[in-house]
Amino acid sequence: MLETTHVLTALAIAKNISNPFLAFGAGLVSHFVLDAIPHYDFQGKILKQEYYNEEKGGDFGKKEFSRTGKIVIFSDLTVSLVIFLYLSLSGRIWPNFPDLISFAFFLFDNLHLAAGVLGGVLPDLANLVCIKTGFCQPKWFFKFHKKIQIVKIGIVPGLIFQIALAIFSLYYFMR
Ligand SMILES: [Zn+2]
């Protein structure tokens with residue numbers, strides 16, 4: 001599933017969980033639950049094609065992103081950044097934008113939000129580290145993360161669902 005959806009869902013969930021550790025756990029669980037829902041996230045196109053053809057492609061280790069993969073990741077992060085700016089400018093997560101101290105204080109007072117988002121993106125963050133550096137431990141974590149997302153659906157229903165969930169989560173977080 002795309003990162004923007006993971007981030008916004010985790011934010012919406014963390015909103016009502018004041019304990020940062022619980023919020024982190026809930027974010028992490030939400031990641032796996034979302035990944036298990038049939039979705040479309042350009043899987044099979046993110047890495048260079050050789051990794052999908054050769055047998056070694058099944059192993060976890062250092063790999064290279066394809067051009068499509070880079071575009072998808074860049075677009076996904078850009079959308080997340082735009083939403084971050086929107087939440088900041090609206091004062092929802094950054095009271096005195098662009099005063100850094102006010103943001104630091106907000107984070108300190110709302111550690112559960114940061115912890116929830118961290119939990120929500122952790123599995124994909126670990127994947128990124130694995131692909132870039134070859135450090136892919138513990139193996140069971142990566143196997144589990146890969147195994148739960150077998151069911152794929154078409155690009156249109158797969159993306160519409162994610163966009164709808166992202167918008168709903170953003171709306172829920174804002175109100
Ligand atoms: Zn994932």
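Just so it is clear, the model here is predicted, and its values are computed rather than measured.
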In Å, rounded to the nearest 0.5 Å, how long is the span from [atom1] of [X] to [atom2] of [Y]?
X	Y	atom1	atom2	value
Phe103	Phe97	CZ	CZ	9.5 Å
Asp35	Gln43	CG	CD	9.0 Å
Tyr86	Phe84	OH	CZ	14.5 Å
Lys143	Cys136	NZ	SG	11.5 Å
Leu113	Ser18	CG	OG	10.5 Å
Asn16	Ile13	CG	CD1	10.0 Å

Identify the heavy atoms of [X] and [Y] that sit nearest to each other, and give their distance.
X	Y	answer
Thr4	Ser80	OG1-OG, 3.1 Å
Phe142	Asn127	CD2-OD1, 3.3 Å
Val117	Leu11	CG2-CG, 3.8 Å
Met174	Ser90	CE-OG, 3.8 Å
Gly27	Ala10	CA-CB, 4.4 Å

Flag the pair [X] / [Y] as yes when at least one side-chain heavy-atom distance between them is below 4.5 Å, and no otherwise.
X	Y	answer
Glu64	Glu50	no
Asp124	His6	yes
Asp59	Tyr51	no
Tyr40	Val156	no
Lys132	Lys63	no
Pro123	Leu28	yes
Met1	Gln162	yes

TODO: Could you check Val7, Leu165, Leu87 and say which one makes a side chain to side chain contact (heavy atoms under 4.5 Å, CB included) with Leu170?
DONE: Leu87
- [ ] Please check if Leu85 and Leu100 belong to a single hydrophobic cluster, counting links between Ile, Leu, Val, Met, Phe, Trp and Tyr side chain heavy atoms closer than 4.5 Å.
- [x]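 Hydrophobic grouping puts Leu85 with Leu100.
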Task: Geometric cation-pi criterion, Lys146 with Phe141: 6.0 Å, 45° - done: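 No, a cation-pi geometry is absent between Lys146 and Phe141.
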Task: Axial cation check for Tyr172 ring with Lys15, 6.0 Å and 45° limits - done: yes
- [ ] Quick one: do Arg67 and Lys48 satisfy side-chain contact (heavy atoms from CB on, under 4.5 Å)? Show the steps, please.
- [x] CA-CA 8 Å; Arg67 206 181 122 76; Lys48 286 193 172 167; over 6 Å; no
Please check: side-chain N/O of [X] versus main-chain N/O of [Y], any donor-acceptor pairing under 3.5 Å?
X	Y	value
Trp94	Ala104	no
Asn110	Phe106	yes
Asn96	Ser102	no

- [ ] Would you confirm whether the ring centroid of Phe32 sits within less than 6.0 angstrom of the ring centroid of Phe144?
- [x] yes
TODO: Indicate, with yes or no, if the rings of Phe42 and Phe65 have centres closer together than 6.0 Å.
DONE: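 Not close enough - the centres of the two rings lie 6.0 Å or further apart.
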- [ ] Please check if any side-chain donor atom of His112 sits under 3.5 Å from a side-chain acceptor atom of Asn19, or the reverse.
- [x]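 There is no such pair between these side chains.
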- [ ] Determine whether the side chains of Thr9 and Ser30 contain a donor N or O and an acceptor N or O closer than 3.5 Å.
- [x] no
- [ ] Kindly indicate, with the supporting measurements, whether the criterion side-chain contact (heavy atoms from CB on, under 4.5 Å) is fulfilled by Thr68 and Ile46.
- [x] CA-CA 6 Å; Thr68 308; Ile46 298 288; over 6 Å; no
- [ ] May I have the step-by-step check of side-chain contact (heavy atoms from CB on, under 4.5 Å) for Ile131 and Phe60, ending in yes or no?
- [x] CA-CA 8 Å; Ile131 288 167; Phe60 298 107; over 6 Å; no
Open item on the list: Would Lys45 and Gln49 count as a side-chain contact (heavy atoms from CB on, under 4.5 Å) here? Give the steps.
Closed with: CA-CA 7 Å; Lys45 294 189 174 82; Gln49 208 50 48; 5.7 Å; no
